Asks: 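This is the structure, below, for whatever I ask next.
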Amino acid sequence: MKLIDNINTLLGDDIKATIQPKDKLKIAASCFSIYAFEALKHELETIASLEFIFTAPTFAPNEVADHLRKERREFYIPKTEHERSFYGSEFEIQLKNKLTQRAIAKECAEWMRRKATFRSNRDGAPMQQFAAIEGKAGNSVYMPLHGFTVVDLGYQQGNAVSNIVTKFDEPANARMLINVFDQIWSDPQKLDDVTERLREHIASVYQENSPERIYFLMFYNIFNEFLEDHIHLLQM
């Protein structure tokens with residue numbers, strides 16, 4: 001067992017050092033950010049597969065796929081915090097402002113097509129959040145894990161007072177947690193497959209868009225919380 005404080009030791013660095021070629025990565029978290037993919041892309045390119053569970057209902061068909069079919073050549077503006085985090089959480093704003101979002105999204109989409117499967121919690125029942133590396137050399141589990149973002153990896157500062165993660169690499173403990181993940185992953189009563197919806201979602205980022213639309217998305221991502229609060233006040 002190892003404690004990672006994300007100050008002196010960073011979760012992202014430990015994952016980089018632990019992942020071996022052909023390992024399987026299994027993550028249960030509230031959100032997935034393309035910037036976390038970018039931070040670990042060298043290691044993620046070597047894995048056999050990623051199985052990702054959104055621990056809260058995310059990318060519902062009526063909010064993603066239907067909308068994208070109507071606006072194929074425009075950015076889709078996610079309706080929930082979990083979906084917005086795909087483009088970067090509020091604490092990854094410096095990365096958004098580098099205007100590399102489109103290139104990262106395209107690279108991530110290509111990687112996802114070859115390596116990743118995404119499923120979503122159907123009814124919002126509580127689920128423990130963690131990341132697991134399953135490999136021939138041994139298994140490791142990191143928990144708790146709020147989301148798969150650069151903040152959670154320790155590469156950006158968030159608003160949490162502490163961000164301590166425990167790494168379990170004892171065979172019995174790691175195997176028990178991986179078995180829990182596998183059991184939930186294989187239960188269609190608990191999870192919906194959202195891989196195709198997510199692919200459509202990420203495609204909206206790197207499709208051709210007018211400069212005006214790109215600037216609109218940038219400002220929306222930067223100021224969306226302020227706008228939502230302001231609209232809420234006007235409706236009161």
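Remember, predicted model here, so these are calculated numbers, not experimental data. Hydrogens, waters and symmetry mates are skipped; everything else that's a heavy atom, side chains included, is used.
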Asks: According to salt bridge (charged side-chain N to carboxylate O under 4.0 Å, His left out), does anything in residues 118-140 pair up with another residue at least two apart or in another chain? List the pairs.
Replies: Lys26-Glu134, Arg119-Asp193, Arg122-Asp192, Glu134-Arg175

Asks: Before you tell me yes or no, could you show the steps for His146 and Ser30 under side chain to side chain contact (heavy atoms under 4.5 Å, CB included), namely the whole-Å CA-CA distance, both residues' side-chain angles and the distance that decides it to 0.1 Å?
Replies: CA-CA 6 Å; His146 172 66; Ser30 62; 3.6 Å; yes

Asks: So, does Asn121 use its side chain to make a donor-acceptor pair with the main chain of Ala125 at under 3.5 Å?
Replies: yes

Asks: Any donor and acceptor pair, going by atom type alone, linking the side chain of Asp23 with main-chain N or O of Gln20 inside 3.5 Å?
Replies: yes

Asks: Tell me whether Ile178 is reachable from Phe52 by hopping between hydrophobic residues (I, L, V, M, F, W, Y) whose side-chain heavy atoms are closer than 4.5 Å.
Replies: no

Asks: Please identify which of these residues, Val180, Asp187, Asp182, meets the side chain to side chain contact (heavy atoms under 4.5 Å, CB included) condition with Ile184.
Replies: Val180

Asks: In Å, rounded to the nearest 0.5 Å, how long is the span from CG of Leu40 to OG1 of Thr46?
Replies: 10.5 Å

Asks: Just verifying a value: how many Å separate Ile34 CD1 and Phe148 CZ, rounded to the nearest 0.5 Å?
Replies: 12.0 Å

Asks: Quick one: does Leu153's side chain get under 4.5 Å of Tyr35's, heavy atoms only?
Replies: no

Asks: Take a 6.0 Å sphere around NZ of Lys115 and say whether it holds more than 12 heavy atoms from other residues, nucleotides or ligands.
Replies: yes

Asks: List the steps and the verdict of salt bridge (charged side-chain N to carboxylate O under 4.0 Å, His left out) for Glu45 and Lys41.
Replies: CA-CA 6 Å; Glu45 188 60 50; Lys41 66 180 180 181; over 6 Å; no

Asks: I'd like to know if the side chain of Gln129 reaches the main chain of Gly147, judged simply by a donor and an acceptor atom lying under 3.5 Å from each other, with no hydrogens or angles considered.
Replies: no

Asks: Please give me the minimum heavy-atom distance between Val150 and Ala39, naming the atom from each residue.
Replies: CG1-CB, 4.3 Å

Asks: Tell me whether Thr55 contacts the main-chain N or O of Ala28 through its side chain, where contact means a donor paired with an acceptor under 3.5 Å.
Replies: no

Asks: Any non-hydrogen side-chain atom of Val141 less than 4.5 Å from a side-chain atom of Asn173?
Replies: no

Asks: Below 4.5 Å, heavy atoms only, C-beta onward: do Ile53 and Met127 meet side chain to side chain?
Replies: yes

Asks: Does the side chain of Asp169 come within less than 4.5 Å of Thr18's, by heavy atoms?
Replies: no

Asks: A side-chain contact here means heavy atoms from C-beta on lying under 4.5 Å apart; do Leu50 and Phe118 qualify?
Replies: yes

Asks: With a 4.0 Å cut-off, would you call Glu196 and Arg199 a salt bridge?
Replies: yes

Asks: If only atom types and distance count, is the side chain of Trp185 paired as donor or acceptor with the main-chain N or O of Glu51 below 3.5 Å?
Replies: no

Asks: Can you measure from NZ (Lys167) to CD1 (Ile15) and round to the nearest 0.5 angstrom?
Replies: 9.0 Å

Asks: Is the number of heavy atoms from other residues, nucleotides or ligands within 6.0 Å of CD (Gln128) greater than 12?
Replies: no

Asks: Is the distance between the ring centroids of Phe130 and Phe168 under 6.0 Å?
Replies: no

Asks: Is the closest basic N to carboxylate O distance between Glu200 and Arg197 below 4.0 Å?
Replies: no

Asks: Please report the shortest heavy-atom distance between Ala116 and Trp111, naming the atom on each side.
Replies: CB-CZ3, 4.0 Å

Asks: Share the residues that join Ile7 in a hydrophobic cluster, the rule being Ile, Leu, Val, Met, Phe, Trp or Tyr side chains under 4.5 Å apart at the heavy-atom level.
Replies: none

Asks: Within a reach of under 6.0 Å around NZ of Lys16, are more than 12 heavy atoms found that belong to other residues, nucleotides or ligands?
Replies: yes

Asks: Is there a donor-acceptor pair under 3.5 Å between the side chain of Ser140 and the backbone N or O of Ile133?
Replies: no

Asks: For residues Lys2 and Thr9, is any side-chain donor paired with an opposing acceptor at under 3.5 Å?
Replies: no

Asks: I need the minimum non-hydrogen distance between Leu177 and Met143, along with the two atoms involved.
Replies: CD1-SD, 3.8 Å

Asks: Under the 3.5 angstrom rule, does the side chain of Asn163 hit a backbone N or O of Asn6 as a donor-acceptor pair?
Replies: no

Asks: Quick one: does Leu145's side chain get under 4.5 Å of Asp152's, heavy atoms only?
Replies: yes

Asks: Is there a side-chain contact between Thr149 and Cys31, using heavy atoms and a 4.5 Å cut-off?
Replies: yes

Asks: For side chain to side chain contact (heavy atoms under 4.5 Å, CB included), just list the numbers for Leu25 and Leu44, CA-CA rounded to whole Å, side-chain angles, deciding distance to a tenth of an Å, and then say yes or no.
Replies: CA-CA 9 Å; Leu25 182 61; Leu44 293 178; 3.6 Å; yes

Asks: Which pair of non-hydrogen atoms, one from Pro57 and one from Ser120, has the smallest distance, and what is that distance?
Replies: CA-OG, 3.4 Å

Asks: Less than 4.5 Å apart, any side-chain heavy atom of Phe32 and any of Leu198?
Replies: no

Asks: Can you list the other members of the hydrophobic cluster that holds Ile164, where links are side-chain heavy atoms under 4.5 angstrom apart?
Replies: Leu3

